[in-house]
Amino acid sequence: MREPFGGLILSTAFRILVPFTIVYGVYVLCLGEFSPGGGFQAGALLSVGVLLSRMILGDKAKFNISGKTSVVLAGVGTFLYTFTGWLTLFGGGNFLDYNFMPIQMEPAHEMHAMAIFLIEIGVTTCVMMTIINLMDSIIKRGDDDGSVK
């Protein structure tokens with residue numbers, strides 16, 4: 001996938017489709033706690049936007065994320081949603097009791113919503129980078145012997 005794949009029709013479809021995919025992924029992330037969707041769906045949508053840009057534009061894609069960076073960011077996402085769950089213990093509550101976050105906010109439900117949003121961001125980052133990492137390993141495995149089987 002180092003070389004661009006596609007001509008005029010694919011480039012035009014890419015320019016139309018990818019921005020909507022990324023905007024919809026962010027929309028699903030931001031409203032995941034109120035409507036169907038959430039971290040996993042947003043991560044899948046955002047990874048599709050990155051992978052489409054990489055497939056159509058090659059290595060010159062602006063949304064390109066390298067293999068080592070994707071592994072590190074997947075770990076950061078996992079750490080973020082795990083740390084948010086454990087942070088409630090430091091606030092004096094039970095595990096995953098978001099009303100006891102050490103960050104004080106006036107209405108308690110805003111603190112609860114912020115903790116859920118942090119978990120959604122962590123899950124989105126982890127899922128997005130894992131899908132990109134899986135695609136990178138599949139492409140690299142096909143490039144080793146020069147053919148994709």
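Small disclaimer: the values here were computed from a predicted structure and weren't measured. Only this structure's heavy atoms are used, side chains among them; waters, hydrogens and symmetry mates stay out.
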CD1 on I119 to CZ on F83, rounded to 0.5 Å: 12.0 Å
Atom pair CE/OG1 of M129 and T78 - distance to nearest 0.5 Å: 11.5 Å
From CG (L51) to CE (M128), nearest 0.5 Å: 8.5 Å
Note: K68-D136 ion pair, threshold 4.0 Å (strictly below): no
Minimum heavy-atom distance between T130 and C126, given as atom pair plus value: OG1-O, 2.6 Å
Minimum heavy-atom distance T124-A42, with the two atoms named: OG1-CB, 3.8 Å
ILVMFWY network linking V76 to V123, side-chain heavy atoms under 4.5 angstrom: no
Shared hydrophobic cluster, I116 / L29 (ILVMFWY, side-chain heavy atoms < 4.5 Å): no
Pairwise distance CD1(I16) to OG1(T21) - rounded to 0.5 angstrom: 11.5 Å
Centroid-centroid under 6.0 Å between Y24 and F20 rings: no
Point-to-point distance, once rounded to the nearest 0.5 Å, from SG of C30 to CD1 of I121: 7.5 Å
Shortest non-hydrogen contact between S47 and I132, atoms and distance: CB-CG1, 4.1 Å
Spacing of L17 atom CG and T12 atom OG1 [to the nearest 0.5 Å]: 12.0 Å
Linked, directly or transitively: I22 and L73 (ILVMFWY side chains, under 4.5 Å): yes
Considering all heavy atoms, the nearest A115-T84 contact: O-CG2, 3.6 Å
Trace of the side-chain contact (heavy atoms from CB on, under 4.5 Å) decision for T125 with L80: CA-CA 9 Å; T125 306; L80 181 64; 5.8 Å; no
Donor-acceptor under 3.5 Å (T82 side chain, F79 main chain): no
Nearest heavy-atom neighbours spanning F40 and V127: CD1-CG2, 3.5 Å
Derivation of the side-chain contact (heavy atoms from CB on, under 4.5 Å) call for L46 and V50: CA-CA 6 Å; L46 292 172; V50 171; 5.8 Å; no
Donor-acceptor pair, side chain of R54 and main chain of I65, under 3.5 angstrom: yes
Shared hydrophobic cluster, I131 / V26 (ILVMFWY, side-chain heavy atoms < 4.5 Å): yes
